[in-house]
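Predicted model only: the values in this text are computed from it and were never measured.
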Amino acid sequence: MVSGAEPDVDRVFIAGLILEAVLDTPGLGPEPSGRRNRVKNRVRRALLTHLAGWVTLQRFRELAVQLDHWFPIYYPLVAVSRNAVQSGMEIYEASPGAGPSPVLREDLLDQLLHRHPQLLPRRRHRKLYRRGLLEFLHRTRGGAFRLKDFQEFFQIDRKTAWEYVQKLRLAGLLEHNQGRSAAVRYSLNSRFLAG
């Protein structure tokens, strides 16, 4: 390896972190510079998380510089690819062979929320509310989601997200896949779906 030349593995590592941040960041918002900044901040946090205690401070600084160099090059490519994949999925899901998407039974959800008013916060400036919960459940289409997805959608901390997901699960709205650690997924109880 030539001295001063950046190793291919570093470039691939940075590109992988960018891809991971783009794919794991739902609801980035419509404003492009806000999306870009949010993804870059996630990549920086991921860099810290993955490398803390594993590399020297000098090595970490080198990778941080490489992130600043490679981010403007890889981010547009990854963001465009993600949009293409998503639109391809929408076309697939809308195609006749894909089958109908299940429909959320809002009437049953309203009945559950009426029977259990403590499930959602009543504070004036709350982040979790009925309409937001409906939107989140529509986006997941009754399928599996991670606690992290719930947390990021409602922009709440992990502990608060876990508490609400547990309340919704105990009330019978959500189901747990019994997975452990990173494999834990939640989904809408099938009785709240029609079709």
If you round to the nearest 0.5 Å, how far is [atom2] of [Y] from [atom1] of [X]?
| X | Y | atom1 | atom2 | value |
| --- | --- | --- | --- | --- |
| Arg185 | Glu175 | CZ | CD | 15.5 Å |
| His116 | Leu168 | NE2 | CG | 10.5 Å |
| Ser187 | His176 | OG | NE2 | 10.0 Å |
| Leu173 | Leu137 | CG | CG | 6.0 Å |
| Tyr164 | Thr160 | OH | OG1 | 7.0 Å |
| His114 | Leu109 | NE2 | CG | 13.0 Å |

Pair Glu135 + Arg139, salt bridge at N-O below 4.0 Å: yes
In terms of hydrophobic clusters joined by side-chain contacts under 4.5 Å, are [X] and [Y] together?
| X | Y | answer |
| --- | --- | --- |
| Leu134 | Phe192 | yes |
| Leu119 | Leu170 | no |
| Val65 | Leu17 | no |

Checking [X] now: which residues fulfil side-chain contact (heavy atoms from CB on, under 4.5 Å) with it, not counting sequence neighbours?
| X | result |
| --- | --- |
| Ala161 | Leu147, Phe150, Gln151, Ile156 |
| Arg115 | Gln111, Leu112 |
| Asp110 | Arg130 |

Only counting residues at least two apart or in another chain, list the ones meeting salt bridge (Lys or Arg N to Asp or Glu O under 4.0 Å) with [X].
| X | value |
| --- | --- |
| Asp157 | none |
| Glu62 | Arg59 |
| Arg44 | Asp68 |

Non-hydrogen side-chain atoms of [X] and [Y] separated by less than 4.5 Å:
| X | Y | result |
| --- | --- | --- |
| Val43 | Leu67 | yes |
| Arg42 | Val39 | no |
| Phe145 | Phe136 | yes |
| Lys167 | Glu163 | no |

Give the minimum heavy-atom separation between Leu188 and Leu193, together with the two atoms involved.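 Minimum heavy-atom separation between Leu188 and Leu193: CD2-CD2, 3.6 Å.
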Applying side chain to side chain donor-acceptor pair (under 3.5 Å), can you list everything that pairs with Gln166, at least two apart in sequence or on another chain? Arg169, Tyr186
Check side chain to side chain donor-acceptor pair (under 3.5 Å) between His138 and all other residues, then give those that pass, not counting sequence neighbours.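 Side chain to side chain donor-acceptor pair (under 3.5 Å) list for His138, sorted by chain: Glu106.
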